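Take a look at the structure below.
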Amino acid sequence: MTEWILPCRPASDNERDNDVYRYDIDAAYESGKPIYWLQHNRFEEGDMIYIYESSPSQKIGYLFKVVSTYIPAAEIDDDDAYENMHYEPQKDDVFAEFIRVGKYPGTGLSFNDLKKNGLKGNLQGAIKLTGELREYIKRFCFW
């Protein structure tokens with residue numbers, strides 16, 4: 001099992017239609033349904049995904065678990081599967097399926113706290129968690 005930090009650009013109501021790279025992670029989490037994420041990384045079943053919300057919140061707010069990988073877009077038959085994703089799936093896209101595990105209380109884990117505790121650089125893409133940063137994040141899991 002690998003643990004990842006996966007950045008997400010949260011969508012606000014006034015931004016939903018004008019930026020395809022945004023994802024309404026709050027609504028996706030609250031729905032309780034599995035979510036589908038483009039499979040750009042080598043996620044495996046059982047991997048844990050810490051969702052980092054970029055600007056304006058800049059925090060880790062959620063934890064999801066990978067339950068399935070490399071799912072062709074054509075095989076996802078849930079009409080609401082792409083509801084919170086502001087992206088029109090292409091026929092060759094493949095997705096990973098995540099289920100929710102937990103939500104960080106309060107303001108979550110801020111970017112500044114992550115930097116002080118082992119994060120190197122910025123969160124421009126998915127990173128595997130190791131060492132000091134991994135231990136820091138795991139201290140705040142309450143589930």
Side-chain angles (χ1 to χ4, degrees), residues 1-13 15-16 18-78 80-143:
M1 175 200 65
T2 302
E3 294 170 296
W4 301 80
I5 296 179
L6 186 59
C8 168
R9 293 182 66 195
S12 65
D13 288 335
E15 296 171 318
R16 290 176 191 240
N18 57 355
D19 189 342
V20 296
Y21 297 105
R22 294 191 180 272
Y23 194 96
D24 194 343
I25 193 65
D26 295 323
Y29 181 86
E30 294 303 326
S31 78
K33 297 178 186 178
I35 66 170
Y36 296 90
W37 205 279
L38 276 171
Q39 179 92 34
H40 291 298
N41 302 95
R42 294 182 182 204
F43 301 132
E44 295 179 4
E45 290 180 23
D47 285 359
M48 302 304 283
I49 309 292
Y50 296 89
I51 301 291
Y52 172 80
E53 301 171 56
S54 62
S55 223
S57 53
Q58 296 184 304
K59 66 177 183 174
I60 289 179
Y62 301 97
L63 176 61
F64 286 85
K65 182 177 183 175
V66 178
V67 294
S68 190
T69 58
Y70 298 100
I71 305 166
E75 291 182 17
I76 299 174
D77 59 4
D78 180 355
D80 298 327
Y82 307 112
E83 173 180 36
N84 299 304
M85 183 188 326
H86 306 285
Y87 169 78
E88 187 64 38
Q90 307 301 304
K91 71 175 188 169
D92 294 334
D93 286 345
V94 291
F95 291 86
E97 180 181 8
F98 302 166
I99 57 170
R100 70 184 192 171
V101 173
K103 181 176 181 177
Y104 279 87
T107 59
L109 300 177
S110 76
F111 179 75
N112 289 334
D113 289 337
L114 298 173
K115 290 290 280 185
K116 291 177 191 171
N117 290 281
L119 177 65
K120 310 266 188 278
N122 291 322
L123 285 163
Q124 299 295 321
I127 62 168
K128 292 181 181 181
L129 275 178
T130 59
E132 177 187 0
L133 182 59
R134 179 181 177 273
E135 295 308 313
Y136 172 73
I137 291 171
K138 290 184 74 70
R139 278 190 285 165
F140 294 94
C141 293
F142 299 105
W143 42 81

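Quick caveat, the model's predicted, so the values are computed rather than measured.
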Requested in this report: In sequence, state the C-alpha distance, the side-chain angles, and the governing distance for Thr69 and Gln39, and then conclude on side-chain contact (heavy atoms from CB on, under 4.5 Å).
Outcome: CA-CA 7 Å; Thr69 58; Gln39 179 92 34; 3.7 Å; yes

**Report entry** Pair Asp47-Met1, side-chain contact (heavy atoms from CB on, under 4.5 Å): steps then yes or no
**Finding:** CA-CA 5 Å; Asp47 285 359; Met1 175 200 65; 4.3 Å; yes

**Report entry** CA sep, side-chain torsions, deciding dist, call: Ile35, Tyr29, side-chain contact (heavy atoms from CB on, under 4.5 Å)
**Finding:** CA-CA 8 Å; Ile35 66 170; Tyr29 181 86; over 6 Å; no

Report task. Apply side-chain contact (heavy atoms from CB on, under 4.5 Å) to Ile5 and Ile137, showing your working. Result -> CA-CA 10 Å; Ile5 296 179; Ile137 291 171; 3.7 Å; yes

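Judged by distance alone, with hydrogens and angles left aside, the side-chain atoms of Glu53 form no donor-acceptor pair with the main-chain N or O of Ser55 at under 3.5 Å.
Under the 4.5 Å side-chain criterion, counting only non-hydrogen atoms from C-beta, Phe111 is in contact with Leu119.
Under the 30°/60° scheme for interplanar angles, the aromatic rings of Tyr104 and Tyr50 are found to be tilted. Below 30°, between 30° and 60°, or above 60°: for Phe98 and Trp37 the angle between ring planes is below 30°, a parallel geometry.
In this structure, the separation between OG on Ser68 and CD1 on Ile99 is 11.0 Å, given to the nearest 0.5 Å. Between the SG atom in Cys8 and the CG atom in Asp26 there is a gap of 8.5 Å [rounded to 0.5 Å]. The NZ atom of Lys59 lies 12.0 Å from the CG atom of Leu114; values are rounded to the nearest 0.5 Å. In this structure, CD1 on Ile76 lies 5.5 Å from CD1 on Ile71, to the nearest 0.5 angstrom. Considering CD of Glu135 and CG of Leu129, their distance stands at 10.0 Å, rounded to 0.5 Å. Atom-to-atom distance recorded for Glu3:CD and Ile49:CD1 is 9.5 Å, nearest 0.5 angstrom.
Applying the 6.0 Å contact sphere to NZ of Lys115 captures more than 12 heavy atoms from other residues, nucleotides or ligands.
Shown here for Pro7 and Ala126, the closest heavy-atom pair between the two residues is CD-N, 3.8 Å. Heavy-atom minimum distance, Glu97 versus Pro34: OE2-CB, 3.2 Å.
Tested against Phe43, the residues Tyr70, Phe64, Phe95, Trp4 include a single ring-ring contact (aromatic ring centres under 6.0 Å, His included) partner, Trp4. Exactly one residue among Arg134, Arg139, Lys138 makes a side-chain contact (heavy atoms from CB on, under 4.5 Å) with Tyr136. That residue is Arg139.
Applying the salt bridge (charged side-chain N to carboxylate O under 4.0 Å, His left out) criterion to Arg42, with sequence neighbours excluded, gives no partner residue.
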